[in-house]
Amino acid sequence: MDRKEKILIVDDSEINRAILTDMLESQYDIIEAENGVQALAILKTQREELSLLLLDLIMPELDGFGVLTAINEYNWINEIPVIIISAENASSQVERAYELGVIDFITRPFNTLIVQRRVVNTILIYAKQKKLISMVADQIREKEQSSNLMIEILSHIVEFRNGESGMHVVRVRTITELLLKYIIKKTDRYQISEQDISIISMASAMHDIGKISIPDEVLNKPGKLTDEEFAIMKTHSEKGAEMLKNLTLHQNEPLVKTAHDICRWHHERYDGRGYPDGLVGDAIPISAQVVALADVYDALTSKRVYKPPFSHEEAVNMILDGQCGSFNPLVLECLTDLSDILKNELDDYMPDNNKHVDMHIVANQILNYDELTASERTLHLLEHERMKYNFFADMTQEIQFEYTLSPAMVTLSNYGATKLGLDEITMNPMDDERVKKIMDPNSIKSFSEALRNTTPEDPVITFDCMINYKGEERYSRIVARSIWTPDEPPEYAGAIGKAIDIHESKIRLNNLERMASTDPLTGLLNHTYARKHILDKLTHPSKRHFAMVIFDLDHFKDANDTYGHAFGDQVLIHVAKKLSSSIRMNDIAARVGGDEFLIFLEYNTMEIEPIIHRIFDSLTDTYESFNISISMGIAETKEIGFDYDELFHAADQALYTVKRSGRGQYRFYDDSMQQMFSAISPIDYDENTDNPKQS
């Protein structure tokens, strides 16, 4: 037998309660209260069981307006519909009651048909609203799971290269969310809303995406990084911000802006000693400040290739003692206050049991937001999820799609619609001529059959075909997952997936490789990648003649001290351009670090001297008011052999000889330099001043 809906009748008149009970008890369970005090007591204990409240206005102890005021204070008004039953029909009374959230008025004397119809309608309306809440909650949960999955995929790409566990970004997100929620309780200084917290927490997962561009040997080096390697590592914050800045769509979306700020500035420090921009204090966005602390805490408490994990207590003490950089005192205070909670949250965290706020609670809370109607609230939530979905689709630069069988419809991501020249939503795609021009009918038929031949247990397929991208056919790969109904037996209902332009994907990988291999200031190869290319030449079976050249700028420190580091950077860029135009196509040029450069040349026995002389003369130049003079050392394989380190060391010895002889010239390595270096340690040379140290 179906359970009856339950109605609470509140009226001080026993006969009025009896009349209403007689009208309704055949269809509903009735509870009665003779005044507002009794009504509130019942609401506190049985609120979730009630489907409707029939409320009189004029009562002793606590009248109907007092009950309505209390219901609003407890935020029950959106859970239980209220109909006023009263002989009072003055416009002021009616207006006040509506302002307090009542649904309808029933005036005495009661008409049975009117009472029954209004009660039925009100209960049905609220039942539909509760169903809508449940549907919205389910959609929010499903979309959030998709967004979280995309976050984990993107962040795992970085973490896989970095040798970290997949939990780093999840833990950083958890810590970020805890700190932000505590900050808004503690102060209104930063004007952070609940939506801001959601966006910042999600964007925190992107904080290290720039590490994609860092060479493996630097990223995963087990020991301490050299100054040169650390300089390469530091570029990841700028690279990550640049990736986000170069997104063609959604530049004004809050998620994109927040992710950019976090990527660029999560290594800034409150005292201005961070990088890349040396921001001080609250010039650093609060989002980046909090993620920075979360990142440092998790790095300390997690195992890394270069260290074992510290305990929670050790990590907190190290941060508070300033051993890990300078942080906002307010954020440190929040860390101290949350220390025990933070430890418990991270200890108890289970990847399959994410402790996000229950979506049904979220949906109900949203209904209390007076500025939005129910329909507007639904659209607002779905638009927020659409924004996140499209952001991640743009980040991956893949054509993402969703296909439903009933109604027959394809929904594309913004990027996908732009790439294919279609609308975001296409009805009856199998009959659409535009779709047939993009993918030929035979391929569509084969793809559809492949999806229908999957099972709920094995739903994923990979399908290769030609796709027409605005008039240009490209070989592409579609990865899709079929969707099945929960019926028994399940029925095919559609699919979700992505299409990848294989040619364009290779170009993106090549661009990433280029970013990882070049010096960010000069555009020349960095030392790591130059070494790889040189080793390929040195280990080639045909032993040809090669020369290793190392040079640096004389008195370069004067340029920085006199005109500033920005001017010094421009000098280095100028030298790099001159160098690039002076070498031949097969020569290798790289920036070793600071003002030191490397050239690797192939030559015939009679050619090397003129080549070196020409390059040396081209680099001796003037940039604005600064005279560029260089010192250069050269080592040849015919003298040293084909070992990279020995060749580099010999060229460095020749360069050192030039510096001791007065600079501004070039020298080839010979045996006398080896004898000289056996007596003189390289530590005698002061790299900061360009002068030998006095013994």
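Numbering of residues begins at 1 and proceeds along the displayed sequence.
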ask   = So, His207 versus His267, ring centres under 6.0 angstrom or not?
value =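 Here the rings of His267 and His207 have centres that are no less than 6.0 Å from each other.
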Is there a side-chain contact between [X] and [Y] (heavy atoms, below 4.5 Å)?
{"X": "Ile262", "Y": "Ile200", "result": "yes"}
{"X": "Glu5", "Y": "Leu52", "result": "no"}
{"X": "Met202", "Y": "Leu255", "result": "yes"}
{"X": "Met409", "Y": "Tyr403", "result": "no"}
{"X": "Leu50", "Y": "Trp76", "result": "no"}
{"X": "Pro276", "Y": "Lys234", "result": "no"}
{"X": "Arg452", "Y": "Leu405", "result": "yes"}
{"X": "Ile467", "Y": "Ile438", "result": "yes"}

ask   = Does a sphere of radius 6.0 Å around CD in Glu48 hold more than 12 heavy atoms from other residues, nucleotides or ligands, not counting ones at 6.0 Å or beyond?
value =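 Atom CD in Glu48 is not crowded, with 12 or fewer foreign heavy atoms closer than 6.0 Å.
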Distance-only check: which donor-acceptor pairs under 3.5 Å involve side-chain atoms of residues 426-433, not counting sequence neighbours?
| residue | atom | partner | partner atom | Å |
| --- | --- | --- | --- | --- |
| Asp432 | OD1 | Arg434 | N | 2.8 |
| Asp432 | OD1 | Arg434 | NE | 3.3 |
| Asp432 | OD2 | Arg434 | NH2 | 3.3 |

Heavy atoms only: give me the nearest [X]-[Y] pair and the separation to one decimal.
{"X": "Ile183", "Y": "Tyr190", "result": "CG2-CD1, 4.2 Å"}
{"X": "Ala590", "Y": "Ala530", "result": "CB-CB, 3.5 Å"}
{"X": "Leu451", "Y": "Trp484", "result": "O-CZ2, 4.4 Å"}
{"X": "Leu420", "Y": "Asn468", "result": "CD2-O, 4.2 Å"}

ask   = Among side-chain atoms of Ser193 and Asp196, is any donor-acceptor pair under 3.5 angstrom?
value =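 Side-chain D/A pair, Ser193 to Asp196: present.
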query = Under the side-chain contact (heavy atoms from CB on, under 4.5 Å) criterion, do Asp208 and His266 qualify, and how do the steps go?
reply = CA-CA 9 Å; Asp208 272 343; His266 72 282; 3.2 Å; yes
message = Can a donor-acceptor pair be found, under 3.5 Å and without considering hydrogens, that links the side chain of Glu424 to the backbone of Ala417?
response =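 Side chain of Glu424 to backbone of Ala417, a donor-acceptor pair under 3.5 Å: no, none is there.
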key: Spatial distance of atom CD1 (Ile284) from atom CG (Asp261) [nearest 0.5 Å]   =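 So the CD1 of Ile284 and the CG of Asp261 are separated by 11.5 Å.
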task = Classify the ring geometry between Phe463 and Phe447 as parallel (under 30°), tilted (30 to 60°) or perpendicular (over 60°).
result =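 Phe463 and Phe447: tilted rings.
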task = Please step through side-chain contact (heavy atoms from CB on, under 4.5 Å) for the pair Ile184 and Glu194, ending with a clear verdict.
result = CA-CA 9 Å; Ile184 64 173; Glu194 289 289 343; 3.8 Å; yes
